[in-house]
Amino acid sequence: NNLREQMYRYRFEYIKDFSMHERLIEEHRVIYEAIKSKDKKTAAAAAVTHIDNQMESIAKQLNLV
């Protein structure tokens, strides 16, 4: 539970960063379009990219990078 709460907190901070909004919207658009067209490979790759970008941002917030 504690890890989940910590991840939620940092993800929330990531979303609050207005400089990331364009990228977030584009990442979600790519995922949505891939799912809509039933392109599993593209959807999976886009989801991995999205998660990696969030992890990188969180690591920066924690001064780990």
Side-chain angles (χ1 to χ4, degrees):
N1 272 345
N2 188 32
L3 178 59
R4 183 181 316 144
E5 290 171 14
Q6 294 299 319
M7 290 303 298
Y8 177 79
R9 182 175 68 167
Y10 287 108
R11 285 182 62 222
F12 186 73
E13 290 300 318
Y14 177 69
I15 291 169
K16 284 179 16 183
D17 182 355
F18 291 110
S19 69
M20 296 301 208
H21 284 188
E22 294 285 329
R23 187 166 91 180
L24 281 171
I25 291 168
E26 179 60 17
E27 288 173 354
H28 285 135
R29 187 194 64 72
V30 170
I31 294 167
Y32 168 78
E33 292 295 335
I35 291 170
K36 184 174 144 185
S37 66
K38 299 182 179 170
D39 183 347
K40 293 177 186 178
K41 186 175 180 181
T42 299
V48 167
T49 297
H50 178 62
I51 292 166
D52 287 347
N53 287 340
Q54 283 196 5
M55 285 175 29
E56 181 180 327
S57 176
I58 290 167
K60 285 180 183 176
Q61 289 175 27
L62 296 171
N63 297 316
L64 297 177
V65 187

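Please read all numbers here as calculations on a predicted model, not as lab measurements. Note that these values count all heavy atoms, side chains included, but never hydrogens, waters or copies made by symmetry.
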Sorted by chain and residue number, the salt bridge (Lys or Arg N to Asp or Glu O under 4.0 Å) partners of E33 (sequence neighbours excluded) come out as none
Has the side chain of H28 got a donor or acceptor atom that lies under 3.5 Å from a matching backbone atom of L24? yes
Quick note, side-chain hydrogen bond (donor to acceptor under 3.5 Å, both in side chains) partners involving residues 35-48, not counting sequence neighbours, are D39-T42
Sequence neighbours excluded, the answer for side chain to side chain contact (heavy atoms under 4.5 Å, CB included) partners of I51 is M55
Handout entry: Any donor-acceptor pair under 3.5 Å from S57 side chain to N53 backbone
Key = no
If the threshold is 4.0 Å, N to carboxylate O, is there a salt bridge linking E26 and R23? no
